[in-house]
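Written below as C-alpha cells is the structure these notes are about.
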Amino acid sequence: MNEQTQDRLHGLDAVRSLALMGGVVLHAAMAFLPGTQLWVVVDTSRSTTLSVAFFVIHMARMTVFFVLAGYFGRLVLHRVGVVGFVRNRALRIAVPLLLAWPLVYGAILVVMGAASPGGGRTIPLITAATFPLTHLWFLYLLLWLYAGVLLLRGAIALVDRGGRFRGAIGASMRMLIKPWAPMVLAAPVVWVLYRQPYWFMWFGVPTPDTGLLPNRVALLTYGLALGVGWLLQRASDDLLARLQSWWGLYLGLALASTIGCLATTSLTPLLAPAPFGAAKLRFAAMYAVGIWSWTLALIGMGLRFLNAPSPRRRYLADASYWVYLAHLPLVMALQLVIRDWPLPWPIKFALLAGTTMTLLLLSYHWLVRPTWVGALLNGRRHPRIRPTSPTPGTLP
C-alpha cells in the first residue's frame with residue numbers, strides 16, 4: 001500500500017468515526033423532538049432546531065457507514081483472503097454483537113421501566129418477527145450483506161473466469177463516479193421507497209431494528225451502499241480523488257435536497273404514512289438524492305480536510321466503536337434524569353450530549369482500550385496513554 005492510499009485511509013476512518021459518534025447526537029435529540037413522540041423519554045422542552053438536526057443526521061449517516069464498510073471490507077479481504085476475512089468479520093462484528101446485545105437490551109428495558117408510569121413495564125415477548133435488535137441492527141445487517149457479497153463474488157468468479165465482466169464493472173464505476181453520481185445511485189432507492197406501502201416519509205429509510213429478517217427498503221438501500229464501497233476499493237485510487245475534488249458540488253446538492261424535503265413535509269416529525277401519488281414520488285426522489293449527495297460529500301470532505309495523520313483523530317476513531325455500542329442506554333438514562341428540569345433545551349441538550357460523550361470516552365480509556373474488549377473492538381490492546389503515531393484503521 002502506498003503512502004497516498006494510507007493518507008486516504010485516515011480521511012475515510014475519520015468520516016466513519018464521526019458518523020458513529022453522530023449517533024449520540026441523533027438519539028439525544030429524540031427526546032426533544034416536537035409533536036407526537038414515539039421515543040421512550042419525552043422531555044418537557046422541545047426544539048424544532050433539533051428536529052431539523054435529527055432529520056439531516058438520519059438522512060446522511062447510515063449510507064456513509066455502509067459505503068465505508070464495503071470499502072474497508074474489501075481491503076481486509078484483499079489483505080487476508082476469504083478465510084481470514086470471515087474470521088476477521090466474525091471477531092470484529094459478530095462477537096461484539098452477540099456480547100453487547102443482551103447487555104444493551106437489558107439496560108434499555110430498565111430505563112423503559114423507570115420511564116413508565118408507576119415504574120413498571122411488561123417485558124415484550126420476543127419472536128423472530130419482533131426481535132429487538134436496538135441500534136445494533138447495523139452490525140446484524142452488515143453480517144447479512146457481507147455474506148451476500150461473498151456468495152455473489154464466488155458466483156461471479158465461477159462464471160467469469162476470463163475476468164471480462166469484472167473489468168466491465170471497473171469501467172462502469174469510472175463512468176459512475178462523476179458529478180451525476182448521486183442521481184444515478186438514487187434511482188433504485190427512489191423506486192423501493194415509493195413502493196413501500198406504509199412509508200413514514202419524514203423518517204426516511206425504515207430502520208430494520210425489529211425482526212431477524214431485514215426489511216426490503218433497508219436491504220436494498222444499504223446493500224447498494226456496501227456494494228458501491230466495495231467496488232470503489234476494487235477500482236482505482238483516482239475514484240477517491242474525484243470524490244475529493246467534487247465534494248463542494250455534492251454538498252450543494254445535499255443541502256438543496258434536504259431543504260426540498262423539509263419544505264415538502266414539515267420541520268417537525270410526521271407519523272402518518274404517505275399515500276401513493278406524485279407528492280410521495282417527488283419526496284422519495286429528493287430524499288434518495290439527498291442520501292447519496294450527503295454520502296459522497298462527507299467522504300469527499302473527509303479526504304479533503306481530514307486526510308493528514310492525527311493521533312487525536314486516530315484515538316477517537318478507535319473509541320468510536322465503543323461509543324456506538326454503549327451509548328443508547330446511557331443516553332436514555334440521562335434523558336430520564338433531566339426530563340423535567342426547568343431549563344431551556346439548548347442547556348439540557350448540551351449537558352446530555354456532553355455528559356454522555358465524557359462518560360463513554362472515560363470508560364473507553366480506562367475500562368476498554370487496554371483490555372481484551374479493546375483488543376476485540378480495535379484489533380489489539382492499547383496502552384492507556386494516547387498513541388504517538390496513528391495507524392490506518394480497517395473497522396467498517
Side-chain angles (χ1 to χ4, degrees), residues 14-35 37-39 43 46-68 135 138 181-183 185-186 189-190 193 199-207 209 217-218 221-222 225 243 246-271 274 282-302 304-306 320 323-324 327-328 331 345-346 349-350 352-353 356-357:
V15 173
R16 178 188 58 81
S17 64
L18 289 173
L20 283 170
M21 292 187 177
V24 175
V25 178
L26 181 85
H27 291 119
M30 292 189 72
F32 301 90
L33 298 184
Q37 181 60 278
L38 296 177
W39 194 236
D43 200 272
R46 307 295 187 91
S47 168
T48 303
T49 300
L50 289 181
S51 177
V52 173
F54 173 92
F55 186 90
V56 174
I57 295 171
H58 190 59
M59 175 187 280
R61 67 191 284 265
M62 291 313 305
T63 311
V64 172
F65 279 148
F66 284 98
V67 169
L68 296 181
H135 67 298
F138 165 64
M183 282 73 77
L185 292 169
V189 181
V190 174
L193 285 175
W199 181 38
F200 296 93
M201 296 194 309
W202 199 90
F203 291 93
V205 178
T207 304
D209 57 355
V217 179
T221 302
Y222 299 135
L243 297 182
W246 294 328
W247 70 267
L249 174 65
Y250 296 142
L251 179 60
L253 186 57
L255 292 172
S257 300
T258 304
I259 292 170
C261 286
L262 289 171
T264 301
T265 56
S266 170
L267 298 181
T268 62
L270 295 177
L271 297 177
R282 284 195 301 269
F283 185 90
M286 287 187 293
Y287 198 91
V289 171
I291 285 174
W292 277 105
S293 299
W294 278 115
T295 296
L296 300 181
L298 291 171
I299 292 173
M301 293 167 69
R304 174 65 178 85
F305 300 108
L306 302 175
S320 63
V323 170
Y324 158 73
H327 79 276
L328 186 56
V331 166
W345 72 261
F349 180 77
L352 173 61
T356 300
M357 286 302 304

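Listed by chain and residue number, His327 satisfy the side chain to side chain donor-acceptor pair (under 3.5 Å) test with His27 (two or more places apart in sequence, or in another chain). Looking at residues two or more places apart in sequence or on another chain, you find a ring pair (Phe, Tyr, Trp, His ring centres under 6.0 Å) between Trp247 and Phe305. Remark: Phe203 pairs with Phe54, Phe200, Pro269, Leu271 by the side chain to side chain contact (heavy atoms under 4.5 Å, CB included) rule, at least two apart or across chains. Phe66 meets the ring pair (Phe, Tyr, Trp, His ring centres under 6.0 Å) test with Phe138, Tyr222; sequence neighbours excluded. Looking at residues two or more places apart in sequence or on another chain, you find a side chain to side chain contact (heavy atoms under 4.5 Å, CB included) between Ala285 and Val190. With sequence neighbours excluded, no residue forms a ring pair (Phe, Tyr, Trp, His ring centres under 6.0 Å) with Trp345.
Between Met201 and Ala274, the shortest heavy-atom distance links the atoms CG-CB, 3.3 Å. Of all non-hydrogen atoms in Leu267 and Trp202, the two that sit nearest each other are O-CZ2, 3.9 Å. Nearest heavy-atom pair, Leu352 versus Val331, reported as atom, atom and distance to 0.1 Å: CD1-O, 3.9 Å. A pairwise comparison of heavy atoms in Trp199 and Gly204 identifies NE1-O, 2.7 Å as the closest pair. Here the closest non-hydrogen pair linking Tyr250 and Leu296 is CD1-CB, 3.6 Å.
Atom CE in Met30 sits 13.5 Å away from atom CG in Asp43 (nearest 0.5 Å). Separating the OG1 atom in Thr207 from the NE2 atom in His135 is a distance of 12.5 Å, to the nearest 0.5 Å. Atom CG of Leu306 sits about 12.5 Å away from atom CD1 of Ile299, to the nearest 0.5 Å.
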Please output the side-chain donor-acceptor pairs of residues 251-266 that fall under 3.5 Å, not counting sequence neighbours, one pair per line with the distance.
residue: Ser257; atom: OG; partner: Leu253; partner atom: O; Å: 2.9
residue: Thr258; atom: OG1; partner: Ala254; partner atom: O; Å: 2.8
residue: Thr258; atom: OG1; partner: Trp294; partner atom: NE1; Å: 2.9
residue: Thr264; atom: OG1; partner: Gly260; partner atom: O; Å: 2.7
residue: Thr265; atom: OG1; partner: Cys261; partner atom: O; Å: 3.0
residue: Ser266; atom: OG; partner: Thr268; partner atom: N; Å: 3.0
residue: Ser266; atom: OG; partner: Thr268; partner atom: O; Å: 3.3
residue: Ser266; atom: OG; partner: Thr268; partner atom: OG1; Å: 3.0

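Contacts classified as side chain to side chain donor-acceptor pair (under 3.5 Å) and involving residues 48-67 (residues at least two apart or in different chains) are not found.
For the pair Val323/Leu20, no side-chain contact is recorded, criterion being any heavy-atom separation below 4.5 Å from C-beta on. Between Leu18 and Val64, the closest side-chain pair of non-hydrogen atoms is not below 4.5 Å.
A distance-only check finds a donor-acceptor pair linking the side chain of Arg46 to the backbone of Leu33 [under 3.5 Å].
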